[in-house]
Amino acid sequence: MATRRMMMMMLPRRFSSVSSNPLRVCVVGSGPAGFYTAEKMLKRHEAAQVDIIDRLPTPFGLVRSGVAPDHPETKIVVNQFSRVCHHERCSFFGNVTLGSSISLPELRNLYHVVVLAYGAESDRSLSIPGEDLSGIHSARKVVWWYNGHPDCRHLELDLKNTQTVVILGQGNVALDIARILLRPTVELATTDIADHALAALQKTSIRKVYLVGRRGPAQAACTAKELREVLGIKDLYVGISESDLVKTPADEEELKNNRIRRRVCELLSKAATSNQSSPRSDQHELDFVFFRKPDRFLDDGHGHVTAVHLEKTALRGNGSGKQIAVGTGEFQDIECEMVIKSIGYKSVPVEGLPFDHRAGVVPNVRGRVLRDTSGESAIEEGLYVCGWLKRGPTGIIATNLYCAEETVASISEDIDHGVLVPSLPKPGRDGLLQLLDDRNVRVVPFSTWEKIDSEERRLGSLRNKPREKLATWDELLNFCN
Ligand code: NAP
């Protein structure tokens, strides 16, 4: 009898959907990582009540603010995410900022499980002289600008007085931006591009865009579909130096097991040989520059960028099978009026969150947050992470599906192994809403988002577009009133 009682005590106390003690889960961030986590938690745990909070009044994170306007098929996933929000055990609360509306310790007191999936809302820096000159922009901000993110509505992007743009980096974000800058605006006019961006692009003087990579064609970070799209822009001259396309044995070795990279190389080779020798005077131009790393930015004497000083690079093996770029001491300038740094996004920590500043991620083991970066530290009970904050800023939307699966599996294991006990009731949603009300935070529920959605579609239909986004904080919050 005593043994049985001991065994009962050792078993984790169960959460129940019918009792007064559901498993209270808060997901911070309503991008793909947040929504996949919420969906999987609801499916896997009948006792889970899931609240999703986001600092914006609008949901869907990167799908709304990151995916290019001319990629509507990628945005279809919002239908699936909307169904998650209609689940009887799920709620969305927009306009709630972790770190200012509510602190992380407060959130953890309110919920049994907190999953941080707020992505990467900052930028890697080059840390080279001149980086603060005007005319130099982060890719994230440019993307937010053309996608109608309210934080970048007023980004000063002087397209009217710019003829040459240098984009640093050759990942898919760089290619998205090059495409938006060079594509005929008549083709963009029927997308959900923000009206202010379309108007600026219609008046642009941009004739030439450089895409600069510190390594070679065999290492270009973009994927074939995105490359094909940019190469296929109507009446565009594409400049690629054939000498850059010569592969070394080390390149061949790298390419051997990488089908995507091989395809990218093939497309670049084809483009290099199929173009006329020089652009016509009325033609837009896209130049791929390989084996160059930014050394510093040059100033026009009035604080505006006038050129990028690049150092030629050579590739060296570093033992990992991946070649790295090293400077050769030879330099070259590319004159331009605008630079866009597309070298990767960066996550930012909130107070009280362990953070690996070097890697730009939250230290974690399969989504379980660790107390520090030592690799041997204890786990922060009830705190999990998913998406770019967990693994760094790489991967497509579907990558977050697998990432969420892993984090939810860890949560489930922790529940099964009693790590989340004692499962005392927590205030959850009621406590959150009470606290936010006490602080006069104007919470935007999913039903209000649906009204914004209808309004944006209505505004869009007037312009023959799928939607016209409300692109300022005032517009969004006034509409919520
Ligand atoms: P990314 O793919 O990691 O590309 C970053 C680029 O910046 C690379 O060319 C990298 O060169 C370069 N870079 C990094 N640090 C540098 C430095 N200090 N100096 C010079 N160059 C530097 O990142 P991303 O383009 O921001 O994209 C993020 C993720 O979103 C990627 O996984 C991407 O595929 C995905 N995405 C997908 C789509 C799509 O599917 N349509 C669209 C947009 C984004 P190295 O290779 O030499 O490091």
Side-chain angles (χ1 to χ4, degrees), residues 31-33 61-63 65-77 119-128 131 136-144 146-147 166-180 210-230 251 254 258 260-261 264 268 288-297 308-316 318 320 322-327 334 339-347 358-361 387-389 391-400 402-403:
L62 199 79
V63 184
S65 305
V67 173
D70 55 349
H71 283 173
E73 68 290 345
T74 313
K75 302 184 194 210
I76 290 172
V77 72
E121 294 213 316
S122 185
D123 316 291
R124 282 189 192 139
S125 108
L126 287 163
S127 307
I128 58 173
E131 206 167 345
I136 304 179
H137 305 276
S138 86
R140 175 184 58 85
K141 288 188 179 170
V142 175
V143 170
W144 279 9
Y146 62 61
N147 276 331
V166 172
I167 302 179
L168 297 171
Q170 293 179 331
N172 281 335
V173 171
L175 262 64
D176 275 353
I177 294 174
R179 195 178 68 251
I180 296 298
Y210 289 95
L211 273 168
V212 180
R214 60 181 168 179
R215 300 191 287 157
Q219 292 80 27
C222 58
T223 48
K225 175 181 169 281
E226 284 63 33
L227 180 59
R228 212 178 294 114
E229 271 180 294
V230 80
D251 290 337
E254 268 190 49
N258 196 325
I260 296 172
R261 292 264 165 103
V264 164
L268 289 168
F288 285 80
V289 178
F290 294 101
F291 303 110
R292 300 286 187 282
K293 72 182 177 83
D295 178 68
R296 65 194 153 96
F297 298 102
V308 189
H309 191 58
L310 297 163
E311 183 173 14
K312 205 172 166 202
T313 63
L315 301 190
R316 299 272 179 272
N318 70 348
S320 67
K322 181 184 156 185
Q323 299 179 82
I324 56 161
V326 293
I334 298 184
V339 175
I340 299 172
K341 293 182 294 174
S342 186
I343 58 163
Y345 291 22
K346 197 175 88 183
S347 293
R358 197 192 48 81
V361 296
W388 281 6
L389 191 59
R391 51 173 218 279
T394 57
I396 57 170
I397 288 174
T399 316
N400 293 295
Y402 305 106
C403 190

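Remember, it's 1-based here, ligands and their atoms both numbered in the order they're listed. Computed over heavy atoms, backbone and side chain alike; hydrogens, waters and symmetry mates excluded.
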Practice task
Establish whether atom 10 (C) of ligand 1 and some protein heavy atom are separated by less than 4.0 angstrom.
Solution key: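 So far as the 4.0 Å threshold goes, atom 10 (C) of ligand 1 is out of reach of every protein heavy atom.
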
Practice task
Could you establish whether K293 and ligand 1 come within less than 4.0 Å of each other, counting only heavy atoms on the residue side?
Solution key: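 K293: no contact with ligand 1 (<4.0 Å).
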
Handout entry: Min heavy-atom dist L126 to ligand 1 below 4.0 Å
Key =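 Under 4.0 Å: yes for L126.
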
Exercise for the section: Could I get the full list of salt bridge (charged side-chain N to carboxylate O under 4.0 Å, His left out) partners for K322, not counting sequence neighbours? Expected result: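 K322 satisfies salt bridge (charged side-chain N to carboxylate O under 4.0 Å, His left out) with no other residue.
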
Exercise for the section: Name all residues meeting the salt bridge (charged side-chain N to carboxylate O under 4.0 Å, His left out) criterion together with K346; count only those two or more places apart in sequence or in a different chain, and write none if there are none. Expected result: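 By the salt bridge (charged side-chain N to carboxylate O under 4.0 Å, His left out) rule, K346 matches no residue at all.
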
Can you pull out the closest protein heavy atom to [atom]? Residue, atom name and distance to 0.1 Å, please.
atom	result
atom 4 (O) of ligand 1	G171 CA, 3.6 Å
atom 29 (C) of ligand 1	P393 O, 3.7 Å
atom 6 (C) of ligand 1	S342 O, 3.7 Å
atom 23 (O) of ligand 1	G344 CA, 4.5 Å
atom 34 (O) of ligand 1	N172 ND2, 3.0 Å
atom 25 (O) of ligand 1	V173 N, 3.1 Å
atom 35 (C) of ligand 1	G395 O, 3.6 Å
atom 3 (O) of ligand 1	T394 CG2, 4.5 Å

When rounded to the nearest 0.5 angstrom, what distance separates [atom1] in [X] from [atom2] in [Y]?
X	Y	atom1	atom2	answer
E226	E229	CD	CD	6.0 Å
I136	F297	CD1	CZ	4.5 Å
L126	I343	CG	CD1	4.0 Å

Problem - Nearest-option assignment for atom 41 (N) of ligand 1, heavy atoms, candidates K322, E229, E226 - result: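 That would be E226.
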
Practice task
Measure from atom 47 (O) of ligand 1 to every heavy atom in R140, Q219, R215 and give the option owning the shortest one.
Solution key: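 Considering heavy atoms of R140, Q219, R215, the nearest to atom 47 (O) of ligand 1 sits in R215.
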
For [X] and ligand 1, does the shortest N/O to N/O distance drop below 3.5 Å?
X	result
R214	yes
D176	no
R124	no

Are side-chain heavy atoms of [X] and [Y] found at a separation under 4.5 Å?
X	Y	value
V326	K293	no
V212	V308	no
L62	N400	no

Problem - Numbered atoms and elements of ligand 1 in range of I396, under 4.0 angstrom, heavy atoms - result: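 Result: 40 (O).
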
Handout entry: Proximal ligand 1 atoms for A221, defined as those under 4.0 Å from one of its heavy atoms
Key =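 What qualifies from ligand 1 is 2 (O), 4 (O), 8 (C), 9 (O).
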
Exercise for the section: In plain terms, say whether D123 and K341 are close enough for a salt bridge, that is, a side-chain N and a carboxylate O under 4.0 Å apart. Expected result: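 Looking at D123 and K341, the cut-off is not met.
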
Problem - Working for side chain to side chain contact (heavy atoms under 4.5 Å, CB included), residues V143 and Y345 - result: CA-CA 12 Å; V143 170; Y345 291 22; 4.1 Å; yes

Exercise for the section: Could you tell me whether I128 atom CD1 has more than 12 heavy atoms of other residues or ligands within 6.0 Å of it? Expected result: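 Counting neighbours around CD1 of I128, more than 12 heavy atoms of other residues, nucleotides or ligands fall under 6.0 Å, so yes.
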
